[in-house]
Participant: 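What follows is a structure written as structure tokens; I'll ask about it next.
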Amino acid sequence: MTTEGRARIDTYPTHRIAGYGVRAGTPLPFGVTMVPGGVNFSVYSDRATRMWLVLFEPGAREPLAELEFPPAFRIGSVYAMTVFGLDAESLEYGFRADGPFDPERGDRFDVTRVLTDPYAQMISGRDEWGTEPDRERPCPYRSRMVFDDFDWGDEAPLRIPAEDLVVYETHVRGFTRHPSSGVAAPGTYAGLREKIPYLKDLGVNCVELMPVFEFDEQDNPRQDPVTGEPLLDYWGYNTIGFFSPKAGYAATGRYGMQADELKTLIKELHAAGIEVILDVVFNHTAEGNEQGPTVSFRGLDNATYYMLTAAGDYYNFSGTGNTVNCNHPVVRDFILNCLRHWVSQYHIDGFRFDLAAILDRAPDGTPLANPPLLEQLAHDPVLRHCKLIAEAWDAAGLYEVGTFPSYGRWAEWNGKYRDCVRRFLKGDPGTIGELATRVVGSPDLYTGRGATASVNFVTAHDGFTLHDLVSYNDKHNEANGENNNDGANDNNSWNCGTEGPTDDPEILRLRMQQMKNAFAILLTSQGIPMMLAGDEMARTQVGNNNTYCQDNELSWLDWSLHERHAELHRFVRSLIAFRQAHPLLRGAAHDTTGISWHGVRAWEPDWSQESRLLAVLRAADGEQIYLAMNAHWEAHDLELPQPAPGTTWHLVADTAAEPPYDIPGADRSLALVDQGHIRIEPRSTVILLART
């Protein structure tokens with residue numbers, strides 16, 4: 001008898017339930033797996049008293065069959081059953097769980113609900129963007145299988161060193177949905193794929209995608225206050241399927257091919273030398289508080305998956321109604337298995353964790369000194385080479401920038417970098433000392449961890465775009481239907497003299513200069529620079545700093561801006577190339593031996609409260625780069641430090657100069673006529689390189 005024959009001896013049904021041959025299944029892995037002759041279903045519930053597997057034909061409203069798990073098919077708290085004779089390719093399924101409804105004890109079982117499998121690798125019901133699901137049908141979000149038959153060829157992880165990254169944060173739909181994008185399938189993975197040549201030409205080598213886990217964009221009760229049109233949950237921070245790619249982002253989603261379309265995008269990004277980081281949301285789910293829908297976790301084991309008060313109410317550290325109980329052992333395994341799935345099946349290079357401070361809270365909400373989840377993720381063998389990036393705060397006030405438990409692996413969105421650079425650019429007093437610390441990798445925050453623990457950014461999806469940061473003093477979120485009460489108020493923005501749009505050429509020139517200043521500081525700072533998609537062409541949201549619900553031109557990238565603001569695009573593209581050409585700007589260690597500080601006079605920085613000018617000289621391995629940052633409304637004549645023997649100062653960038661002299665480029669860099677001095681104009685930045 002062959003080995004294959006021996007493997008099949010025990011794969012015959014032992015029972016018949018609802019007309020199907022079945023046998024006791026294997027409890028691990030959770031979810032659905034193919035076994036010889038059948039399909040194995042495994043689902044966890046510690047408090048359920050009965051469990052059913054509910055099968056559907058594709059698109060059918062009512063179930064094809066319901067198979068109750070016999071008591072003998074339960075091992076510990078896991079219900080497992082192998083079902084024979086199924087057409088796995090067209091199968092849709094869910095679970096029905098019975099148990100007590102006792103909210104004070106944390107139980108909210110509802111046997112009338114058909115629940116989504118938490119481990120489902122694909123979900124139907126959200127197949128096309130913007131269509132309203134039938135919420136009255138049993139299980140509006142139905143689980144499906146994905147077959148591991150994608151041909152990755154010889155594709156291998158890029159493993160770009162963290163210090164060499166230039167991260168580009170974008171939204172899959174918003175990146176190409178605008179008619180000006182010119183792609184064949186706007187707003188999709190395929191559309192983004194068509195823009196890979198643009199990304200490669202810009203010089204970024206890592207895209208950070210806002211949530212691509214399956215979510216329900218229709219889950220928003222608000223309306224546009226002007227048109228009355230329903231608003232969507234455009235950003236996608238309301239996950240319903242952690243293992244499932246968003247079907248509405250796929251041109252082929254209606255055919256159930258979203259997994260292959262996303263994999264093709266990732267494969268081609270890697271071929272272009274661009275890594276992929278996913279923005280992942282494990283801090284809460286789309287089920288909300290007790291008023292929200294029962295989709296999956298709540299109906300399977302509410303007390304395990306969510307943080308609950310002693311009275312059974314939901315802790316709300318996420319600001320969205322519930323908080324996932326991340327450090328419960330079962331939930332830890334769920335998160336770990338989810339990330340392993342995306343790394344092994346989709347070749348993802350890293351993850352940015354939304355409101356990551358929640359991940360180190362105990363079940364009662366207390367911050368843990370040694371959170372087991374974060375340690376486990378840091379040392380997991382499958383995730384060994386993944387970038388792990390924390391948004392190191394949550395909505396309940398836990399702010400851990402610089403103190404997030406890192407285990408030698410975690411980097412952080414450096415909110416202090418963002419705030420400091422913004423305050424400096426607008427001319428606030430008392431910023432020079434902190435600015436000096438931020439541009440050299442924030443050693444005050446990341447001593448022992450290195451500069452690459454700091455993900456530096458000035459703008460991100462949450463907040464003003466760079467254009468709006470220099471065009472608005474206040475947020476203008478009226479279109480969100482919340483009376484302008486949503487979104488942050490502490491924007492540290494400055495409108496340069498006029499709120500919003502203007503035809504004043506002086507204000508427009510100053511705004512352009514300020515945007516260049518932001519990029520000049522960001523792309524010469526030690527750490528990992530992250531830019532927001534469209535900032536390189538001055539994308540605007542018309543002062544809205546919280547476009548989570550705006551699936552329209554407020555959020556979409558208008559590609560005509562590429563030509564309209566070619567000056568800014570050229571500046572950013574050239575500056576990225578300059579950073580990549582000079583390792584001196586990308587040092588991973590906090591090595592201050594080659595760093596000196598300067599002011600109007602060389603070697604004499606002004607650290608006073610009213611100072612608004614700072615220059616830094618970096619020198620190592622025969623290279624010297626001088627950066628002068630002037631947020632003062634007056635010009636200054638700077639005395640330059642003498643460059644190394646045999647070299648002279650060449651102008652790399654001057655944000656106050658007209659193109660092409662704002663950034664002449666490496667092949668056209670200009671030697672200074674006066675090697676001892678340079679004039680820095682009001683609110684401008686100058687970069688010099690010592691060259692032979």
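Keep in mind that what you see is a predicted model, and the values were worked out from it rather than measured.
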Participant: With Glu375, which residues qualify under salt bridge (charged side-chain N to carboxylate O under 4.0 Å, His left out), at least two apart?
Facilitator: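 In terms of salt bridge (charged side-chain N to carboxylate O under 4.0 Å, His left out), with neighbours along the sequence ignored, Glu375 is linked to no residue.
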Participant: Side chains of His270 and Asp349: donor-acceptor distance under 3.5 Å anywhere?
Facilitator: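 A pair is found: one side chain offers a donor N or O, the other an acceptor, under 3.5 Å apart.
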Participant: Under 3.5 Å, is there a donor on one side chain and an acceptor on the other for Ser560 and Arg564?
Facilitator: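 The answer is yes; a qualifying pair exists.
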Participant: Using a strict threshold of under 4.0 Å (side-chain N to carboxylate O), is an ion pair present between Arg683 and Glu681?
Facilitator: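 So Glu681 does not pair with Arg683 through a salt bridge.
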Participant: Does the pair Lys387/Glu275 count as a salt bridge with the N-to-O cut at 4.0 Å?
Facilitator: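 Glu275 and Lys387: salt-bridged.
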Participant: Decide yes or no on side chain to side chain contact (heavy atoms under 4.5 Å, CB included) for Trp494 and Gln514, but give the supporting numbers first.
Facilitator: CA-CA 10 Å; Trp494 178 50; Gln514 286 283 74; 3.9 Å; yes
Participant: Report yes if the side chains of Thr170 and Leu209 come closer than 4.5 Å at any heavy-atom pair, otherwise no.
Facilitator: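 Of all side-chain heavy-atom pairs linking Leu209 with Thr170, at least one is under 4.5 Å.
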Participant: More than 12 foreign heavy atoms under 6.0 Å from CG of Asp201: is that the case here?
Facilitator: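 Yes - once you tally the heavy atoms of other residues, nucleotides and ligands closer than 6.0 Å, there are more than 12.
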Participant: Looking at Trp413, Trp393, Phe404, which one forms a ring-ring contact (aromatic ring centres under 6.0 Å, His included) with Tyr399?
Facilitator: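 It is Trp393; the other options fail the test.
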Participant: Taking Lys475 as the fixed residue, which of Asn489, Asn491, Asn546 is the one that meets the side-chain hydrogen bond (donor to acceptor under 3.5 Å, both in side chains) rule?
Facilitator: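 Of the listed options, the one satisfying the test is Asn489.
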Participant: When you check the side-chain N and O atoms of Asn456 and Ser525, is any donor under 3.5 Å from an acceptor?
Facilitator: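 Asn456 vs Ser525: no donor-acceptor pair found between side chains.
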Participant: Between Trp607 and Trp597, how do the two ring planes meet: parallel, tilted or perpendicular, split at 30° and 60°?
Facilitator: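 The rings of Trp607 and Trp597 stand perpendicular, inter-plane angle above 60°.
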Participant: Salt-bridged, Lys516 to Glu567, with N to O below 4.0 Å?
Facilitator: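 Counted as a salt bridge, because a side-chain N and a carboxylate O are separated by less than 4.0 Å.
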Participant: Listed by chain and number, what are the ring pair (Phe, Tyr, Trp, His ring centres under 6.0 Å) partners of Phe424, not counting sequence neighbours?
Facilitator: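 Result, ring pair (Phe, Tyr, Trp, His ring centres under 6.0 Å) vs Phe424: none returned.
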Participant: Could you check if a side-chain atom of Tyr548 sits within less than 4.5 angstrom of a side-chain atom of Asp486, using non-hydrogen atoms only?
Facilitator: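 Result yes, sub-4.5 Å side-chain heavy-atom pair found.
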Participant: Does the side chain of Asn414 come under 3.5 Å of the side chain of Ser442 through a donor N or O and an acceptor N or O?
Facilitator: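 Indeed, the side chains of Asn414 and Ser442 share at least one donor-acceptor pair under 3.5 Å.
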Participant: Indicate whether any N or O donor in one side chain lies under 3.5 Å from an N or O acceptor in the other, for Ser684 and Asn630.
Facilitator: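 No - no donor-acceptor pair under 3.5 Å links their side chains.
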Participant: Name the one of Ile358, Leu377, Ile389, Leu374 that satisfies side-chain contact (heavy atoms from CB on, under 4.5 Å) with Phe353?
Facilitator: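 Passing option: Leu377.
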Participant: Can you list the steps and then say if Phe175 with Tyr168 is a side chain to side chain contact (heavy atoms under 4.5 Å, CB included)?
Facilitator: CA-CA 11 Å; Phe175 194 55; Tyr168 190 84; 3.5 Å; yes
Participant: Is it the case that Ser180 and His178 place a side-chain donor and acceptor less than 3.5 Å from each other?
Facilitator: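 There is such a pair between these side chains.
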Participant: Please find out if less than 6.0 Å separates the ring center of Tyr198 from that of Trp559.
Facilitator: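 So the answer is yes for these two rings.
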Participant: Between Tyr407 and Asn370, do the side chains contain an N or O donor and an N or O acceptor separated by less than 3.5 Å?
Facilitator: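 Indeed, the side chains of Tyr407 and Asn370 share at least one donor-acceptor pair under 3.5 Å.
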